[in-house]
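Reviewing the structure listed below.
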Amino acid sequence: MLDSFEKESRLHERRLARQRQMRLMEEAASGLPLRDDDDRDDEADEMEYEMPPPNFVEDVDSEDDVPSMYSGTNNNNNNITSNAGDDDDNTNDNLWSSSTNKALDDSKLKFVMGDTATNHDETASYSSWTERQRREHDESRRLIMLASRRVSSSAGRGTLEMEFRDGEQRRRYNRCPVWVMLHRKFICSFCLIASLVVMGALIAQTRKNSYYDGADWPANPAAEGGSGGNGITGGSYAVDESMEHSTSESTHSPQDSTDSNNVDSNSNINNNDNSNGNNDNNETDAIKFERIKDRLLEHQISHASALEDPASPQYKALQWLVRDDPRQLDVPSVDDVEAGLTGEQVDDEEALFQRYALAVFWFQTTDAEIVNGGDGRGGPFRGDDEGEKELTLQEIRWRESTNWMTEKGFCLCGLRYDDDFYVAILNLTDNNIHGVVPREVYMAFTKMKALDISLNELGGSIRREIGALTDLQDLYLQSNQFTGAIPTTIGELVNLYNVNISDNNIGGTLPTQIGMLSKLRDASMFKNRIEGKIPVEIGYMTELLALYLDSNRLTGQIPTSIGQLTSLLDLRLRANKLTGTLPTELGVLTNLETLYLDTNSGITGKIPTELGNLAKATEIQLYQNNLTGPLPSELGLLNGLIFLYLGQFWVSTLSSPTLAFGFVELIVFLGSSFAMLPPNINDNFSPDSNELTGSIPEEWGGMRNLEQLFLSGNNLRGKIPETIRGMEALQYFRASDNQFSGTIPTDMGKMLKMEFLYMEENDFDGVIPSELGELHKLQLLHLDGNNFSGQMPSEICRLKTNFFLVHLSAANNDEGFSCACCTNQ
């Protein structure tokens with residue numbers, strides 16, 4: 001029973017040994033590394049049987065007919081021994097994947113070489129093997145030597161084989177040269193840098209190809225500060241020509257140059273790629289150009305003729321919007337609110353229109369060719385000198401254009417937005433802007449609240465499209481060179497509060513539609529060439545606070561409807577050609593503070609007594625008209641009046657040196673009244689004067705705040721009333737060139753603020769009162785051309801030495817009169 005069991009056990013061991021041998025030979029033949037015993041033990045465990053020890057002894061008594069590769073016998077039960085301890089020491093040395101040529105496992109090598117002594121007690125001879133055993137042994141040895149040479153050859157070439165275990169699965173990696181592994185960091189860095197360089201070159205080429213072939217696009221306004229006529233030339237947006245050019249280039253395919261060298265072939269391929277890219281970009285931009293153009297025409301922002309003219313600012317602005325604008329705005333998919341456009345999309349469309357309008361305004365005013373292009377294209381106003389030279393780019397450069405038309409917004413220097421991001425304020429005042437204001441500014445900014453382009457050099461007419469600014473509240477166009485008439489569409493600005501178009505060359509008549517501006521508070525239209533009558537519809541502007549129509553060419557009578565402007569504070573109609581009498585309705589304007597009706601030689605009649613109702617009046621100017629009649633005593637009720645001008649600012653003897661000084665002093669004091677003085681200063685000045693008669697009413701003494709009283713050049717007569725001392729604030733009193741008589745009131749010595757006293761060319765007589773010597777602030781005293789007698793009081797002469805009196809004149813009086821201290825006797 002025991003012998004049978006031992007035989008079966010030995011047979012089983014020999015089968016395992018043979019299987020082991022076959023695996024060894026397969027691994028050697030395939031070039032795989034030989035595994036150690038631990039690896040084989042693991043594999044044996046998976047096969048559900050225990051791997052025997054590496055040393056085996058063949059049972060000579062075995063009846064199994066299977067030939068053995070082992071020699072020698074061992075009948076002891078302890079023949080099956082384990083060399084596990086030795087294997088543990090050599091586990092890491094049996095790896096065939098090492099870069100060095102290590103020795104094979106001793107047991108394997110002995111078996112292959114014919115040394116079958118697996119124990120120290122037994123030996124066997126090669127000659128005792130059977131023929132079959134020798135063949136198996138020789139084949140195994142050949143395979144092992146082949147594997148050894150393969151490993152040695154691999155190690156000699158300096159290559160590495162790497163083997164890793166991932167669970168129970170082995171992964172074999174491709175071989176790579178040793179120098180690659182040693183310099184792998186440098187190689188990776190070089191590859192990364194090369195990739196970045198190639199990507200940068202491709203991006204640059206793509207941006208370059210994005211422009212049209214041969215197109216000259218306008219520069220970025222913020223960067224260049226104006227194109228100066230070098231913007232877009234004719235055909236710069238010639239889509240058909242550029243497409244034909246690109247298509248003709250793209251017809252050359254790489255196959256047409258098969259006989260050329262590789263360099264030429266690659267060059268042709270690249271050229272074709274660029275041409276195709278240009279063609280695609282051109283087609284895309286052409287579609288966008290037409291899309292935006294159609295939307296602009298649909299909303300009547302621009303005319304079709306302007307958008308089709310390559311030299312127009314509209315065409316250049318649209319090109320810039322399509323290609324160079326950093327914002328790259330585009331129209332939404334639908335075009336109105338009724339079609340389902342949301343609030344955000346409406347904002348996008350409005351932003352597109354506004355940005356386009358600002359670009360048009362830029363090219364309109366910074367392109368020297370356009371600015372000098374004449375009225376047909378909105379050239380500047382050239383004045384009366386037709387030979388004026390054309391403006392240069394430097395002369396028309398804006399003073400301030402910070403962030404104008406950049407990605408930061410429209411313009412940070414002069415734009416403000418409302419809560420919905422509509423442009424609310426466009427302020428470009430005093431910015432050296434030439435040219436004209438294009439219609440797009442009026443058509444695109446429908447939500448604008450204030451437009452201020454004053455103090456520039458803008459010309460042309462005020463366009464009728466201004467009526468589109470229905471939300472406009474403030475309009476400032478003063479101090480430019482606008483011409484033409486005020487458009488009737490101004491009546492559509494129903495929300496307008498302030499309008500200032502003064503100091504221009506605007507002509508024509510005042511449109512009757514101006515009466516529709518019911519909210520208007522300030523209307524400044526002075527210093528223009530406006531003609532015709534003041535329309536009666538002006539009375540409908542009941543909220544008006546200030547009306548400035550002075551220094552124009554208005555004719556006719558002041559309409560009585562002006563009495564409806566009960567809120568009026570300042571009324572100036574001076575320096576026109578108005579005729580007729582002063583309407584009594586002026587007395588209804590109880591809030592009026594300033595009234596300028598002077599320098600209208602056609603105004604006749606009396607001064608209305610109703611002017612005494614102007615209790616808040618501080619300044620009344622009625623000089624240089626043809627008024628007649630007495631001075632109304634009701635004016636004495638105006639105790640808040642400061643300036644009352646009923647006579648000339650000059651006299652016929654002004655050319656004399658003695659009077660010239662006083663005239664200069666008067667100009668210096670009045671300052672803002674410069675425009676009211678002689679012909680060399682004001683073209684509307686006329687030597688005509690009022691013909692007021694009578695005397696100075698005693699009631700006028702109640703004007704205690706009056707500082708300036710001008711009565712020169714009339715036909716006033718009688719004595720100076722004693723009540724004049726009530727004018728305690730009076731500083732300038734001009735009563736010259738009248739027919740006053742009697743003596744000078746001694747109470748005038750109590751008017752201590754008096755500085756200038758003109759009483760020449762009258763019929764005063766008697767002695768000059770010494771009380772005038774109390775006027776220590778007196779700077780000028782003219783008493784020429786009267787009938788004074790005696791001599792100049794010493795108290796007055798001391799004013800020259802001790803105080804401020806500079807000019808004292810008393811010539812052409814009685815022969816017995818003497819003045820030792822007079823400047824001119």
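These numbers come from a predicted model, not from an experiment. By convention here, the first residue in the shown sequence is residue 1. Excluded from the calculations below are hydrogen atoms, water molecules and symmetry mates; all remaining heavy atoms, backbone and side chain alike, are included.
Using a 4.5 Å heavy-atom threshold, the side chains of Leu589 and Leu569 count as separate. By the 4.5 Å heavy-atom criterion applied to side chains, Ile453 and Leu451 are counted as neighbours. Using a 4.5 Å cut-off on side-chain heavy atoms (C-beta onward), Leu426 and Met448 make contact. A heavy-atom distance below 4.5 Å is not found between the side chains of Thr604 and Leu627. Looking at heavy atoms from C-beta onward, Thr429 lies out of side-chain contact with Tyr476 at the 4.5 angstrom threshold. Using a 4.5 Å heavy-atom cutoff, the side chains of Thr365 and Phe361 are in contact. Using a 4.5 Å heavy-atom cutoff, the side chains of Leu544 and Leu565 are in contact. For the pair Asn626 and Ile603, the minimum side-chain heavy-atom distance is 4.5 Å or more.
To the nearest 0.5 angstrom, Leu641 atom CG is 9.5 Å from Phe643 atom CZ. The distance from atom CD of Gln364 to atom CG of Leu458, rounded to the nearest 0.5 Å, is 10.0 Å. We find the OG1-CD distance between Thr618 and Glu593 to be 6.0 Å, quoted to the nearest 0.5 Å. Here the CD1-CG distance, from Ile620 to Leu646, works out to 8.0 Å after rounding to the nearest 0.5 Å. To the nearest 0.5 angstrom, Arg572 atom CZ is 7.0 Å from Glu619 atom CD. Within the model, atoms CD1 of Ile396 and CD of Glu390 stand 10.5 Å from one another, a figure rounded to the nearest 0.5 Å.
Side chain of Asn432 to backbone of Arg397: a donor-acceptor contact under 3.5 angstrom is found. For Thr609 (side chain) and Pro632 (main-chain N/O), no donor-acceptor pair under 3.5 Å exists by modelled atom type. Listed for the Trp398 side chain is no donor-acceptor partner under 3.5 Å among the backbone atoms of Trp362. Checked by atom type and distance alone, the side chain of Asn690 pairs as donor or acceptor with a backbone atom of Leu622 at under 3.5 Å. The main-chain N or O of Glu369 is found under 3.5 Å from a side-chain atom of Asp367 such that the two form a donor-acceptor pair. The backbone N or O of Ile530 sits less than 3.5 Å from a side-chain atom of Asn552, completing a donor-acceptor pair. Checking side-chain atoms of Asn600 against main-chain N and O of Leu578 turns up a donor-acceptor pair under 3.5 Å. One N or O on the side chain of Asn504 and one on the backbone of Leu477 form a donor-acceptor pair closer than 3.5 Å. No donor-acceptor distance shorter than 3.5 angstrom exists from the side chain of Glu699 to the backbone of Gly701, with no hydrogens or angles considered. Between the side chain of Asn625 and the main chain of Leu597, a donor-acceptor pair closer than 3.5 Å is present.
Residues Arg574 and Asn576 come closest through the heavy atom pair O-ND2, 3.1 Å. Between Thr581 and Gly605, the closest heavy-atom pair is CG2-CA, 4.2 Å. The minimum heavy-atom distance linking Asn456 with Asn480 is given by the pair C-OD1, 2.9 Å. The shortest non-hydrogen separation linking Arg463 to Arg439 is NE-CB, 3.2 Å. Scanning both residues, Pro535 and Pro559, for their nearest heavy atoms gives O-CG, 4.3 Å. Residues Ile466 and Pro487 approach most closely at CG2-CG, 4.0 Å, considering heavy atoms.
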Go through Ser461 and Thr483 one step at a time and tell me if the side-chain hydrogen bond (donor to acceptor under 3.5 Å, both in side chains) criterion holds.
-> CA-CA 5 Å; Ser461 60; Thr483 58; 5.8 Å; no

Residues Gln478, Asp503; criterion side-chain hydrogen bond (donor to acceptor under 3.5 Å, both in side chains); working and verdict | CA-CA 6 Å; Gln478 72 270 21; Asp503 195 14; over 6 Å; no

Begin from the C-alpha positions of Gln481 and Glu457 and carry the test side-chain hydrogen bond (donor to acceptor under 3.5 Å, both in side chains) through to its verdict.
-> CA-CA 6 Å; Gln481 299 177 12; Glu457 299 294 333; 2.4 Å; yes

Decide side-chain hydrogen bond (donor to acceptor under 3.5 Å, both in side chains) for Ser302 and Tyr356; before the verdict, give the C-alpha distance in whole Å, the side-chain angles of both, and the deciding distance to 0.1 Å.
-> CA-CA 10 Å; Ser302 295; Tyr356 165 74; 2.7 Å; yes

Give the intermediate values and the outcome of side-chain contact (heavy atoms from CB on, under 4.5 Å) for residues Ser736 and Asn738.
-> CA-CA 6 Å; Ser736 58; Asn738 278 287; over 6 Å; no

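In this structure Phe353 satisfies the ring pair (Phe, Tyr, Trp, His ring centres under 6.0 Å) test together with His299, sequence neighbours excluded. Not a single side chain to side chain donor-acceptor pair (under 3.5 Å) links Thr512 to another residue, sequence neighbours left out. Listed by chain and number, the residues in a side chain to side chain donor-acceptor pair (under 3.5 Å) with Arg521 amount to none (sequence neighbours excluded). For Gln739, the side chain to side chain donor-acceptor pair (under 3.5 Å) partners two or more places apart in sequence, or in a different chain, are Arg717. In this view, Glu543 satisfies the side chain to side chain donor-acceptor pair (under 3.5 Å) rule with no residue, not counting sequence neighbours.
Using cut-offs of 30° and 60° on the angle between ring planes, the pair Tyr548 and Phe526 is perpendicular. In this pair, Phe756 and Tyr758 present their aromatic rings parallel. The plane angle is below 30°, not in the 30 to 60° band.
Looking at Asn431 and Glu400, their side chains never bring a donor and an acceptor atom within 3.5 Å of each other.
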What pairs of donor and acceptor atoms, side-chain ones from residues 488-500 against any protein atom, are under 3.5 angstrom apart with sequence neighbours left out?
{"unit_1": "Thr489", "atom_1": "OG1", "unit_2": "Arg464", "atom_2": "O", "d": "2.6"}
{"unit_1": "Asn495", "atom_1": "OD1", "unit_2": "Lys519", "atom_2": "NZ", "d": "3.0"}
{"unit_1": "Asn495", "atom_1": "ND2", "unit_2": "Thr470", "atom_2": "O", "d": "2.8"}
{"unit_1": "Asn498", "atom_1": "ND2", "unit_2": "Asp474", "atom_2": "OD1", "d": "2.6"}
{"unit_1": "Asn500", "atom_1": "OD1", "unit_2": "Ser502", "atom_2": "N", "d": "3.1"}
{"unit_1": "Asn500", "atom_1": "OD1", "unit_2": "Ser502", "atom_2": "OG", "d": "2.6"}

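Remark: of the listed residues Phe733, Tyr732, Tyr645, Tyr645 is the sole one forming a ring-ring contact (aromatic ring centres under 6.0 Å, His included) with Phe710.
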